[in-house]
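Note sheet for the following structure.
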Amino acid sequence: MAGKITSMSKIKQVLLMHRNGMSNRAIAKAAELDKCTVNEYIRKIKADPLSLEALLSLEEPELEARMFAGNPAYTDERMKDFLDKLPYFREQLEDKHVTRLLLWEEYRRENPDGYGKSQFFFHLKQNLVAQKPVGVLRSMYNPGEILMIDFAGDKLSYIDTQTGEKVHVEVFVGTMPFSGFTFAIAVPSQQVEDFAYALRMCIEALGGVPRVVIPDNLKSAVIKADRWNPKLNKALIDMGNHYGFVTLPARAGRPKDKAPVESDVNRIYQRVYAKLRKRVFYSLMELNQAIFDLVCAHNQTRMQEHPYTREERFHAMERGELLPLPEHIYEVKYTHTVTVDPKGEVRLSDDDHYYTVPCAHINRKAQLIYTRSSVKVYVDNKCVASHVRDRAPGEHTQVKEHLSPELQAMMSRSPEYYCQRAQEEKSPELETFIQNLFMNRKYGVTDAICYNLCDFLFHLKRKTPEDAFSKTVRICAENHIFSKDDILTMSKIVQQSSKDLDAESWDVVPNNHENTRGAASYQ
């Protein structure tokens, strides 16, 4: 049955029979155990760094900790769905008519691939046991109330694949002292932005917000340490306002104020640092994945003093007491005052990048408030522009609506735009000419050159009689005449002539037209 642990005295009998040379099948028969169970015990014995004699000399609690270091079933993928439904199960069991069997039957109908009855009963019992108060110091804390955070003194590292250099990183550790639930993540530094990012990831991993955060007196959290009235970093105050927690820094030189996280830093050294000492990582993401896996195993390891794990205790007692996460994540905000330049742009000096502002605010003072992902521009305490942050130096992020009407018209130019204008002015000949212009242009002729020629044609249309203009562009389109000078000459000839021109008669075409047929010159 799930969760049933064989007595240590019987396991020691198994060890003795194995030492005496008995086969696993014979051991199983003599100890009245399943052969697969005996095989698993022997596998653990061989994998343990201690010798067989050393294992036999251990006291029963120590041997149990080595043979059953945690509950393997707890790491099953089905546990996530079970934990999501745990508040419902707990609520339903308050009804004296509801049984565990009924809950399991409902659970199996909704999750045919979920836990069987014995597994379900075991995990339900573990979480109900974890709800009971315990007579140790962590009972001094209220469930879901306090999160203690600190940076480990020692650093981890990874190899930069581009330079081949070893990059040392800081390790952030967070602890919920009531349950002992632990979180750890590596970040590039202890600077404000990295500190805020690590704390945000910790809160998201908890799935809710504690009411109090107790940090150390690092500069990213506390600008000036004081026993009675410490001065907090504005970024941490803003973050607390965003998530809804208050910050109560530990007293300088008083590590006992956050003793649980200090103890967990030592556990992280033993259960994470020590196990990663021979591994090489090539990115911060790869390193953090390894840290996450080992911290997860730490949280899912059954504690010696209690018949449950830290994670079971956290989900049973603390998860439901946390404040809900806000809709939007928190990002550190920075402020900078600038003047809108004559082009209607502001410059973010950190990135040497330019962002547009509505042209009505040219030459006015503006305040930039920017984060990792966004840049907002305020004029007279009103947000007049918002952009996605772009770190490309020397580049410009433009919003068409911010530009002057003349610049907007320039940015709107396209083949479709000019064809649409020709349709609006009811000139099918001009529309055909524009289509031929863009389809038959020479290699290397840019859009800007074609746009200038189109603007010239609309200007010429306003100055030329309608019939003469229609004939001119029709002849030029049919014969691929795309030179401004040739079009002007053709327009004059058409206006002077009282006869219809034959498109194949080229006596009237200038001498240089032979160089423009099929791949005309552009001006």
Side-chain angles (χ1 to χ4, degrees), residues 1-80 115-116 118-119 122-123 126 154 156 171 180-182 184 263-264 266-281 286-313:
M1 181 178 289
K4 292 289 185 178
I5 296 178
T6 305
S7 66
M8 292 303 104
S9 58
K10 180 172 285 191
I11 287 182
K12 284 193 174 184
Q13 290 294 314
V14 171
L15 299 185
L16 289 170
M17 287 186 280
H18 176 70
R19 186 185 64 178
N20 295 335
M22 292 179 63
S23 68
N24 291 0
R25 188 182 299 276
I27 293 174
K29 185 176 181 180
E32 297 182 349
L33 294 172
D34 185 86
K35 180 176 177 293
C36 294
T37 302
V38 174
N39 291 341
E40 179 65 16
Y41 291 160
I42 301 303
R43 184 193 64 78
K44 289 183 178 181
I45 293 167
K46 292 180 178 179
D48 197 293
L50 294 182
S51 65
L52 185 59
E53 295 298 331
L55 289 173
L56 285 169
S57 65
L58 293 176
E59 296 293 337
E60 290 191 0
E62 295 176 319
L63 180 60
E64 182 178 340
R66 303 191 74 86
M67 295 294 292
F68 303 99
N71 179 17
Y74 195 77
T75 64
D76 195 290
E77 291 294 331
R78 297 168 291 181
M79 179 53 69
K80 182 179 182 301
Y115 287 130
S118 60
Q119 289 273 13
F122 171 75
H123 291 302
Q126 286 292 95
D154 297 338
L156 292 176
V171 177
F181 187 82
T182 307
S263 298
D264 272 349
N266 290 327
R267 293 189 184 97
I268 292 297
Y269 287 152
Q270 299 165 5
R271 301 186 179 184
V272 176
Y273 280 58
K275 295 181 179 180
L276 298 181
R277 69 189 187 281
K278 295 182 180 180
R279 295 180 59 180
V280 179
F281 302 94
E286 183 183 356
L287 172 60
N288 273 324
Q289 184 59 53
I291 293 173
F292 173 80
D293 292 340
L294 292 174
V295 172
C296 184
H298 163 70
N299 286 324
Q300 294 174 353
T301 299
R302 185 167 56 82
M303 295 181 283
Q304 291 184 358
E305 298 177 358
H306 311 289
Y308 49 77
T309 68
R310 293 172 176 85
E311 192 163 348
E312 287 172 335
R313 177 77 167 173

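Every heavy atom of this structure was used, including side-chain atoms; hydrogens, water molecules and symmetry mates were not. Each residue takes its place number in the sequence, starting with 1.
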Looking only at heavy atoms, which two atoms of [X] and [Y] are closest? And how far apart?
X	Y	result
Ile268	Thr182	CD1-CG2, 4.2 Å
Ala30	Met17	CB-SD, 3.8 Å
Glu286	Phe281	CG-CD2, 3.7 Å
Thr309	Gln300	CG2-O, 3.3 Å
Val295	Ala184	CG2-CB, 3.8 Å
Asn299	Gly180	OD1-O, 4.2 Å

Distance (rounded to the nearest 0.5 Å) between [X] [atom1] and [Y] [atom2]:
X	Y	atom1	atom2	result
Ser23	Lys29	OG	NZ	10.5 Å
His298	Phe181	NE2	CZ	9.5 Å
Leu276	Leu287	CG	CG	7.0 Å
Tyr41	Leu15	OH	CG	10.5 Å
Arg25	Ile27	CZ	CD1	12.0 Å
Ile45	Leu50	CD1	CG	11.5 Å

*asked:* For Gly116, is there any backbone N or O sitting under 3.5 Å from a side-chain donor or acceptor partner on Gln119?
replied: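 No, Gln119 side chain to Gly116 backbone: no donor-acceptor pair under 3.5 Å.
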_Looking at Asp48 and Lys44, would you say the former's side chain and the latter's main chain have a donor-acceptor pair under 3.5 Å?_
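Answer holds: no.
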*Cut-off 3.5 Å, side chains only: do Asn266 and Gln270 have a donor facing an acceptor?*
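There is no such pair between these side chains.
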_Counting C-beta onward and ignoring hydrogens, is there a side-chain heavy-atom pair between Glu40 and Thr37 closer than 4.5 Å?_
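No, too far: nothing below the 4.5 Å cut-off.
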*Determine, step by step, whether Val272 and Val171 satisfy the side chain to side chain contact (heavy atoms under 4.5 Å, CB included) criterion, reporting the C-alpha distance in whole Å, the side-chain angles of both residues, the deciding distance to 0.1 Å, and the verdict.*
CA-CA 11 Å; Val272 176; Val171 177; over 6 Å; no
*asked:* Please determine whether the number of non-hydrogen atoms from other residues, nucleotides or ligands lying under 6.0 Å from atom OH of Tyr273 exceeds 12.
replied: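 Yes, enclosed.
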